Amino acid sequence: MASLITHFAGIKSPNPFWLASAPPTDKAYNVVRAFQAGWGGVVWKTLGEDGPPIVNVSSRYGAYSYKGNRVAGLNNIELITDRPLEINLQEIKQVKRDWPDRALIVSLMVPCEEDAWKAILRRVEETGADGVELNFGCPHGMPERGMGAAVGQVPDYVEMVTRWCKQHSRMPVIVKLTPNITNILGPARAAVRGGADAVSLINTINSIVSVDLDQMAPTPTVDGKGTSGGYCGPAVKPIALNMVAQIARDPECKNIPISGIGGIETWRDAAEFMALGAGSVQVCTAAMHYGFRIVDDMADGLARWMDGKGYVAIDDFRGLATANVTDWKNLNLSYQIVAQIDQDKCIKCGLCHIACEDTSHQAIAAERVDGGRRYAVIDDECVGCNLCMHVCPVEGCITMKRIDDGSVYQNWTQHPNNPMRAAAE
């Protein structure tokens, strides 16, 4: 079977599946249960200075559910650990001793002062932890102390703090990036300039998941009031994939190890992040939803898929999709496809017809055949937009057929309709 052994930024783990810094990694009890279940590593819930003590609220989570799919997205307004720093450090030291083969990373968030970082790094290093992750992404709570996204949104701060951490610690330094920014490459490049050993992304997205229409307040509601929090779960995966791909493609970030985070729930999710360049993946919401045993299916599924593809190690396919991510201007305008409907699979629901008729190109005809309904593609009207394929409830019923012969390649930089064509060439 394919090997899932992972070497990430100098940190070895038996598989690439790590628990992200979050409630599931808040104490030794949870982390030991995770390791017993088979997780390759954890990022311990973010530690900070002892004073003043962290104060959390009740309740802390809001969920976005969609058409019966519970927790499609999760909103979290919990802060960093509210447990004493010394207790966390003692537990980290003991867990690492008991589980030396697992990756144990410690997430950190302290005020933007060199002495504060120097002090906590020294204490974490004494635990024997494998590395630190700088929490530059938390979008809620404590910005008045210059922490979380207040740092991650300012590339100069990212570079400065990263450099401090590299100067004051021998441990690998992973910089966790915030998605709450116009361009992820700004802080990513800053982390590289600061000497980061790796980056992890995405942290949670600013959000309000719903409004309680009886209390007229956002959820989660705390005594009749609500606030924005950090959004995570399956709904954020497309955003995370895009940002991972941006960093993987960027010449200034070339070869920086990436730990992918955001909506990872299955082996396939993990494989997609890895195909775009991630060397490890971190999971939070799926574990909170289904429990730690989901790692069995993730690891087994990934290994079986790799076997089927002939991949011996993760590095055999890591980043292979990155080369196929390009700018719109480079896409082949001569490539043409049209929809085709498998009449044997069609259940005559009409969703393809309605979607195309009302909102697209009127390219699917509704016909009466032998007293029944039949839907047929009008090839001359079909532009190959794929909408019908996506709305069809039957897998494989509608597919896309290529109709050009592949002999011509022409992108927007070459197209006669482009007023900048000469300059682009």
Side-chain angles (χ1 to χ4, degrees), residues 18-27 30-31 34 42-48 54-66 69-83 88 105-109 133-145 147-153 176-181 200-212 215 217-240 243 259-265 269 281-292 294:
W18 298 357
L19 284 174
S21 170
T25 62
D26 189 34
K27 59 179 72 73
N30 303 79
V31 172
V42 302
V43 183
W44 202 279
K45 184 174 170 66
T46 305
L47 309 184
I54 300 300
V55 180
N56 273 299
V57 296
S58 174
S59 61
R60 303 177 189 178
Y61 305 125
Y64 177 68
S65 300
Y66 184 72
N69 182 14
R70 301 285 289 175
V71 196
L74 186 71
N75 177 290
N76 155 40
I77 59 171
E78 186 168 294
L79 302 179
I80 66 175
T81 183
D82 53 14
R83 303 168 68 237
N88 273 299
I105 316 301
V106 178
S107 176
L108 298 176
M109 187 164 71
E133 182 180 79
L134 313 186
N135 185 345
F136 293 160
C138 185
H140 57 275
M142 307 171 78
E144 74 283 351
R145 294 169 66 181
M147 292 156 61
V151 175
Q153 291 169 339
K176 190 172 187 180
L177 301 174
T178 176
N180 301 302
I181 194 163
S200 60
L201 70 156
I202 59 174
N203 210 314
T204 53
I205 302 170
N206 261 333
S207 67
I208 292 177
V209 289
S210 64
V211 175
D212 185 319
Q215 299 188 67
T219 61
T221 304
V222 181
D223 194 23
K225 302 290 184 181
T227 186
S228 62
Y231 195 49
C232 54
V236 311
K237 177 188 163 189
I239 299 167
M243 291 187 172
S259 187
I261 314 169
I264 298 165
E265 195 169 276
D269 296 329
V281 293
Q282 297 183 32
V283 178
C284 172
T285 307
M288 295 177 74
H289 193 175
Y290 301 109
F292 287 154
I294 61 167

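In this text the structure is predicted, and so the values were computed from the model without any measurement.
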Positive for side chain to side chain donor-acceptor pair (under 3.5 Å) with Ser259, one of Lys176, Glu133, Gln282: Gln282

Minimum heavy-atom distance Ile77-Gly229, with the two atoms named: CG2-CA, 3.7 Å

Nearest non-hydrogen partners of Pro24 and Met288, listed with the distance: CG-CG, 3.5 Å

Listed partners of Asn75 passing side chain to side chain donor-acceptor pair (under 3.5 Å), at least two apart: Ser207

Heavy-atom pair with the smallest gap, counting every atom of Val209 and Gly62: CG2-C, 3.8 Å

Candidate pair Asn135 and Thr46, rule side chain to side chain donor-acceptor pair (under 3.5 Å), full reasoning: CA-CA 7 Å; Asn135 185 345; Thr46 305; 3.1 Å; yes

Heavy-atom closest pair, residues Thr81 and Ile54: O-CG1, 3.4 Å

Donor-acceptor contact present, side-chain Asp212 to main-chain Pro218, <3.5 Å: no

Which atom of Leu19 lies closest to which atom of Ala34, heavy atoms considered: CD1-CB, 3.4 Å

Any donor-acceptor pair under 3.5 Å from Ser107 side chain to Lys45 backbone: no

Under 3.5 Å: donor-acceptor pair, side chain of Asn180, backbone of Asn206: yes

Backbone of Glu265 reached by a side-chain donor or acceptor of Asp269 within 3.5 Å: yes

Distance-minimising heavy-atom pair for Trp44 and Val31: CZ3-CG2, 3.7 Å

